[in-house]
2 protein chains.
Amino acid sequence: MTTTREFELLDSAWAEVSPPAARRMLIAAAAAFAGKGYHATTTRDIAALAGMSPAAVYIHYRTKEDLLFQISRIGHTTSLAVLTGVPDADPVTRLATAVAAFARWHAEHHTTARVVQYELAALTGPHLEQVRVLRRRIEGVLRRMVLDGVRAGVFEAPDVPGATLAVLSLCIDVARWYQPGGRRTPEDIGALYADLVLRMLHAETPQAR
Amino acid sequence: MTTTREFELLDSAWAEVSPPAARRMLIAAAAAFAGKGYHATTTRDIAALAGMSPAAVYIHYRTKEDLLFQISRIGHTTSLAVLTGVPDADPVTRLATAVAAFARWHAEHHTTARVVQYELAALTGPHLEQVRVLRRRIEGVLRRMVLDGVRAGVFEAPDVPGATLAVLSLCIDVARWYQPGGRRTPEDIGALYADLVLRMLHAETPQAR
DNA sequence: CTCCATACTAAGCGGTTGCTTAGAACTAAG
DNA sequence: CTTAGTTCTAAGCAACCGCTTAGTATGGAG
């Protein structure tokens, strides 16, 4: 129960989910899906983690897949907000800040991020389509940032879509390898990746971090 | 059946598996695991894909997890061989060739690579430990290449383990996003990534390549 | 031919799965 | 107090899971 409460306090993104029992169920499902994978998780696992009976899942969610979809939808929306919420600045600072925040999010919320990035195949047709729209928007935002820098002459990238792909891929993969007890904090990872990405684009690192 | 035969011809790494029926079973399992995930794949799926009865699985493999382990073991060994098989050269050329080959392998063999990279959690204790040894070796080989360049003064990396992590992560994640029908061929991806990695390490791109 | 090992299938067993049903406990309005 | 609506549980159903068992077909050795 302590774990669940910590989750709620840390993760303001779940605040919109109500009633509280439905939120607890979502958080339990996200933890279970992230730890064992969607298909290896049973509805009984989720209910037990949420401290309720197996049937309670179906009061708030139509199916197990609906639970996955809500996690995926909220997760994608939140990570998109992290990218777009970066303050306006020159292209170099802007991309550096965005990469740092995006990579950091994938570490800090690696539980949600793992579901977001690695359980897409378990979504049903219409739900998958809805999530794909969000994913295209995320890539679009990042590509625009790279393109702005290239146009301003501060980035050097012979292949803009390719560079965007690499940057996105780098950040996403944090969710796979990150471990909470590890050597690097989410902040460290954000700083490291911002630096590496600027080097990748042959940009001068600004003295303002 | 045509698909299975194509697989066999393309993938020489499976050659060591015998008898042929056991090889067909492994290839069918790899395809199924990559497509739907280990837990979503039933032993009946695998048998059907291999064109045999469900019970035939257990003639050649003790459990479903043993099938996964064999795929993972061979996959890890092969990808390690791809890295170590790079011809000796100056540090810049050597790392560039290795990254190109490693990234390319993850695209070309994205079916196997997906099982290798994303189904580790489904391995049982001793099998997981065995695979972890191979994974540490892969990271070690790559780190050594980065370190050699830093020591020779041709790479600039304030954080060698961090840079190694990023390079490895970049290549591994190819298995997640690569699609056979896509715009980029495995060769394209290898070339793109070799270039991006050299930039990341502030190295001058050699004219060869 | 017999003998025997290998490779396979048909059938099915015990256990687990996602999900449903029937009803209990609680809350709040009239 | 009654009533209605909501949230939960106990019990269980049909389908499906990994895996086993019993038996058949094949082919090589003697």
Side-chain angles (χ1 to χ4, degrees), chain A residues 1 4 8 14 16-33 35-72 115 119 121-128, chain B residues 1 4 8 14 16-33 35-72 115 119 121-128:
Chain A
M1 303 305 153
T4 305
E8 287 184 51
W14 305 117
E16 60 168 279
V17 180
S18 102
R23 179 165 53 236
R24 270 196 301 148
M25 202 73 86
L26 247 202
I27 292 165
F33 292 164
K36 310 200 296 175
Y38 174 78
H39 288 290
T41 302
T42 69
T43 55
R44 286 164 179 82
D45 290 338
I46 298 166
L49 243 169
M52 301 172 96
S53 81
V57 171
Y58 296 90
I59 310 279
H60 304 288
Y61 300 93
R62 284 178 45 257
T63 62
K64 178 186 162 188
E65 189 270 345
D66 188 34
L67 218 27
L68 173 67
F69 172 60
Q70 296 305 329
I71 296 165
S72 194
V115 181
E119 300 294 353
L123 290 169
T124 56
H127 287 166
L128 180 60
Chain B
M1 304 306 151
T4 305
E8 288 183 53
W14 306 117
E16 59 168 278
V17 181
S18 103
R23 180 165 53 237
R24 270 196 300 148
M25 203 72 85
L26 248 202
I27 291 165
F33 292 164
K36 308 201 296 177
Y38 173 77
H39 288 289
T41 302
T42 70
T43 55
R44 286 163 177 86
D45 289 338
I46 298 166
L49 243 167
M52 301 173 97
S53 80
V57 171
Y58 296 90
I59 310 278
H60 304 289
Y61 301 93
R62 286 176 45 257
T63 61
K64 178 185 162 189
E65 189 271 344
D66 188 35
L67 217 27
L68 173 66
F69 172 61
Q70 296 305 329
I71 295 165
S72 195
V115 181
E119 301 292 353
L123 290 169
T124 57
H127 287 165
L128 180 58

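Labels below follow one simple rule: chain letters A, B, ... track the order of the sequence lines, proteins then strands, and each chain is numbered from 1. Just the heavy atoms: all of them, side chains too, but no hydrogens, waters or symmetry mates, feed the values below. Remember, it's a predicted structure, so these values are computed and weren't measured experimentally.
In this structure, the NE2 atom of A/His39 is 15 Å from the P atom of D/dC16, given to the nearest Å. The NZ-P distance, from A/Lys36 to C/dT16, rounds to 13 Å in whole Å. Look at OH on B/Tyr38: it is 8 Å from P on D/dG18, rounded to the nearest Å. To the nearest angstrom, P of C/dG18 lies 14 Å from CE of A/Met25.
Each of C/dC8, C/dT17, D/dT9 was ranked by its minimum atom distance to the side chain of A/Arg44; first place goes to C/dT17.
Using a 4.0 Å cut-off, some side-chain N or O of B/Thr43 falls inside it from OP1 or OP2 of D/dG18.
Here the closest heavy-atom approach between residue B/Glu119 and residue B/Phe33 is recorded as OE2-O, 4.0 Å. Smallest separation of non-hydrogen atoms from B/Ala22 and B/Tyr61: O-OH, 2.9 Å.
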For residues 46-57 of chain B, which side-chain N or O atoms pair as donor and acceptor with protein atoms under 3.5 Å away, sequence neighbours left out?
none

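The main-chain N or O of B/Thr124 is found under 3.5 Å from a side-chain atom of B/Glu65 such that the two form a donor-acceptor pair.
At a non-hydrogen distance threshold of 4.0 Å, A/Ala55, A/Tyr58, A/Thr63, A/Lys64 from residues 53-65 of chain A come into contact with DNA chain C.
Side chains of A/Asp66 and A/Thr63: a donor-acceptor N/O pair is absent below 3.5 angstrom, by distance only.
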*Can you list the steps and then say if B/Leu68 with B/His127 is a side-chain contact (heavy atoms from CB on, under 4.5 Å)?*
CA-CA 10 Å; B/Leu68 173 66; B/His127 287 165; over 6 Å; no
